[in-house]
Amino acid sequence: MKLIVAKSAGFCYGVKRAVAMCEAAADEFEPCFTLGPIIHNEVVVGELAERGVRCASHISEIPENATVVIRSHGAGKSDYECLKNKRANIIDATCPDVKKIHEIVSAQSKAGRFILIIGSSGHPEVKAIAGWCDEHAIFESADELISWLNIKKNAEKDLSVVFQTTTSKILYETCVKTIKKECTNHKLFDTICNATFKRQQEAEYISKTTDAILVVGDKNSSNSQSLKHICSHHSKKVFFLSSADEIDLAEFCQLDVIGVTAGASTPASIIKEVIRKMSKETNMDGTTAEQEESTLQEPEASPKQEAVQSAEPAEEKKEVVETEPDSEADDDDDSESFEELLEKSIKTLRTGEKVSGVVTSITSTEVSVDLGTKQSGYIPITEFIDDGNTSIDDVIKVGDTIESFVMRVNDVEGMVMLSKKRLDAIKNWDIVESARENKSIIEGTVTEENKGGIVVNVKGVRVFVPASQTGLPKSAQMSELMKKTVRLRITEVNQSRRRVVGSIRLVQGDERREKAEQVWNEIEVGKKYDGVVKSMTSYGVFVDIGGVDGMVHISELSWTRIKQPSEVMAVGDEVSVYVISFDKESKKISLGYKKGEDNPWTKFTDTYKVGDVASVKIVKMMPFGAFAEICSGVDGLIHISQITDRRIGLPSEVLSDGQMVDVKITEIDNDRKKVSLSIRALLESPAQSGGGGSSAMHDDADDDDNSPAIVYDTDNPPSMDELDDMETEEE
Ligand code: F3S
């Protein structure tokens, strides 16, 4: 005995997709429901139930806020509305081929046409299609259709005809013939899906060339029933079974060649079990079941079978898709668009082609696109949100028209893999080329980091930026730039090697030059700038004030004495500075940092006047007196003669560093920022001083013991200048 197994037997892409979506939903959401069995196969439904998926036979069984997977057969418009009212999380696993029929009937109804649906009235797919129509009628057989059309007023209606996706070729052809003969104004839509078409072709061929054929499928599966129907036309022995258990081997003992086919909702495990049982029990040519199984996947080549395997189904269907001439519709814009739709439905797609379509659904993994062809298009969701931060809703929505590039066409599964990125890359290649020629700046997102540099995605084109051109300091990590938007200039384009090189540094250089020019045009003494500390030396810091560096001398950093600029600021600090002076020719700018309002001398003179008494701290001892801090940044001198009311050799005989003493302010020299202090003035009684402490000091100016605070030697008193010099020398 020999077995021939149909290549297309088992899950179609629509079923695979629905089951995968349901499994993913079961893992992620709780509670998770399907509205009716996800596909017509009890084994699959049972497995999903074990994963927590509950099958609701009616929407009323679904609680609010639940996750609901719409099965591959689809659902009516009102079901969606009802689920929305229940705030359900809807995961739409409707097969794209079925979805397309919903769109067709919905648009045809809107155009005022009467919809004829050829299919099983009780089948969920047909019920769902009816749920998207206004006026409609459903026919399960050609006879029913003929009787309805025999009523004249029905035949005269503006009819649009669609077919259940799993309709048999025989029924389809009979109905088409009848409608063409009876109706005056009709539009025919060949909505049998490619997966079904392929299975039916193979089933027909195998049933003609074998002694018997096994059709494996669930009894409720419409496409499995259609296969049985087709096989029955060409073979006298057709066995319809849902599992290997139903095989009665006695039936096959006299047969030489047996065919096996299976519906689109039959899992591979069941088909394999059937093949195993047939192989083992009949001991076929002494080979093992596994060997037979793999051999049998490839039916013997024959011209006819070649046609089955590689024929373009659309070509054969072209003839029957034709619409009868519709004179009334010629003037109708809507009708025109459906003529176009029909035109497109027979279009063949090729890899590398640019296509345009409408987004029909968006899931967590893919965007479905209706290309107006028999195949449904898919674009991976990652093509839209590769930065991880963007929401898909911000990028694209259902109903949007989108252009893409055909990556792969799978006619058997009726699907086309599309790429938007690839098309963008092709379209944007010219933009990149002209950016190089014009030296213009373009933007991109950093997507990769490697040894030599980074890769920037510029409108879908990969642009390599060497590490030296990233604009980062040597010590910085290139990973800092990951996922950031950068501005760059294209420096090299090699189309044949698909190599593009860019530079961020060049852009930064250009920008810096532009800013520098602006600074030099507008600079003036006193102008304030916000800048960034670029570098530091022992004598000052260099601050970038926007394309130009200026220097802040250490003496301009603080009002108090500092030893290092780092006591005030660090590299990278953002600081406010002002221009002290500049030279456009030598390109030098001198900046100030310390603020006038922080000037300690101003604060001192605002607080004290001559004659005031202050509590001060001795900070430095000199032979001619002691310096004392009056307030932060202002010291005064207590001359040796003003330390006490008796003669002393050195200030240290009375005072010590850090000691706090009360003093009288005896003189303030605003020009030279000098202050004279006296302890002695506070020791004298008002009678001795002839009044207040300070006036007594002045009254005693000619007395050696009561000399003014600035007098060092009573015989040869130093001037303020001399005292100043002494102080400076000492320092
Ligand atoms: Fe879809 Fe056709 Fe399968 S309609 S679910 S691809 S049988």
Side-chain angles (χ1 to χ4, degrees), residues 6-23 34-41 44-45 48 69-75 91-105 117-120 123-130 132 162-169 171-172 189-203 215-218 220-230 261-268 271 313-314 317 345 360-361 363 366 368-371 373-378 409-417:
K7 267 189 166 183
S8 60
F11 275 10
C12 62
Y13 84 102
V15 166
K16 266 189 220 160
R17 178 174 171 273
V19 172
M21 286 170 85
C22 199
E23 285 172 347
T34 57
L35 190 52
I38 186 82
I39 60 169
H40 276 145
N41 190 280
V44 175
V45 172
L48 285 169
V69 182
I70 305 286
R71 55 184 165 177
S72 54
H73 305 112
I91 295 175
D92 197 346
T94 306
C95 175
D97 283 353
V98 177
K99 200 93 187 155
K100 211 182 292 176
I101 305 178
H102 297 176
E103 286 160 15
I104 291 171
V105 295
I117 306 168
I118 312 294
S120 310
H123 193 276
E125 180 192 324
V126 174
K127 285 185 184 170
I129 294 169
W132 291 88
V162 293
F163 296 80
Q164 186 177 351
T165 52
T166 49
T167 305
S168 74
K169 195 178 157 194
L171 175 59
Y172 172 82
F189 293 89
D190 173 6
T191 50
I192 300 175
C193 79
N194 259 14
T196 298
F197 184 68
K198 190 83 187 167
R199 278 163 182 71
Q200 291 183 0
Q201 274 191 316
E202 286 186 344
V215 179
V216 189
D218 197 281
N220 291 322
S221 161
S222 168
N223 70 82
S224 303
Q225 291 285 1
S226 291
L227 290 180
K228 181 189 127 192
H229 187 62
I230 287 164
T261 186
S265 51
T266 310
I271 303 169
K317 294 166 97 181
S345 75
T360 52
S361 68
T363 69
E366 66 197 16
S368 304
V369 182
D370 179 6
L371 300 169
T373 60
K374 291 297 286 181
Q375 303 94 334
S376 299
Y378 296 96
V409 181
N410 187 333
D411 276 329
V412 174
E413 295 195 342
M415 62 180 288
V416 187
M417 282 315 299

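Order of listing sets the numbers, starting from 1, for every ligand and every atom in it.
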In terms of side-chain heavy atoms, does Ser222 have a donor or acceptor partner in Ser120 at a distance below 3.5 Å?
no

Quick one: does Thr196 get within less than 4.0 Å of ligand 1, heavy atoms only?
yes

Taking every heavy atom of Thr94 against every heavy atom of His102, the minimum-distance pair comes out as CG2-CE1, 4.2 Å

Atoms in ligand 1 with a heavy atom of Cys95 nearer than 4.0 Å:
1 (Fe), 4 (S), 5 (S), 6 (S)

Compare every heavy atom of Ser168 with every heavy atom of Ser226, then report the nearest pair and how far apart it is.
OG-N, 4.0 Å

Ligand 1 atoms in contact with Thr165 (distance to a heavy atom under 4.0 Å)
4 (S)

Exercise: identify the closest heavy-atom pair between Ser72 and Ile39
OG-CG2, 3.8 Å

N, O or S of Cys193 under 2.8 Å from atom 2 (Fe) of ligand 1
yes

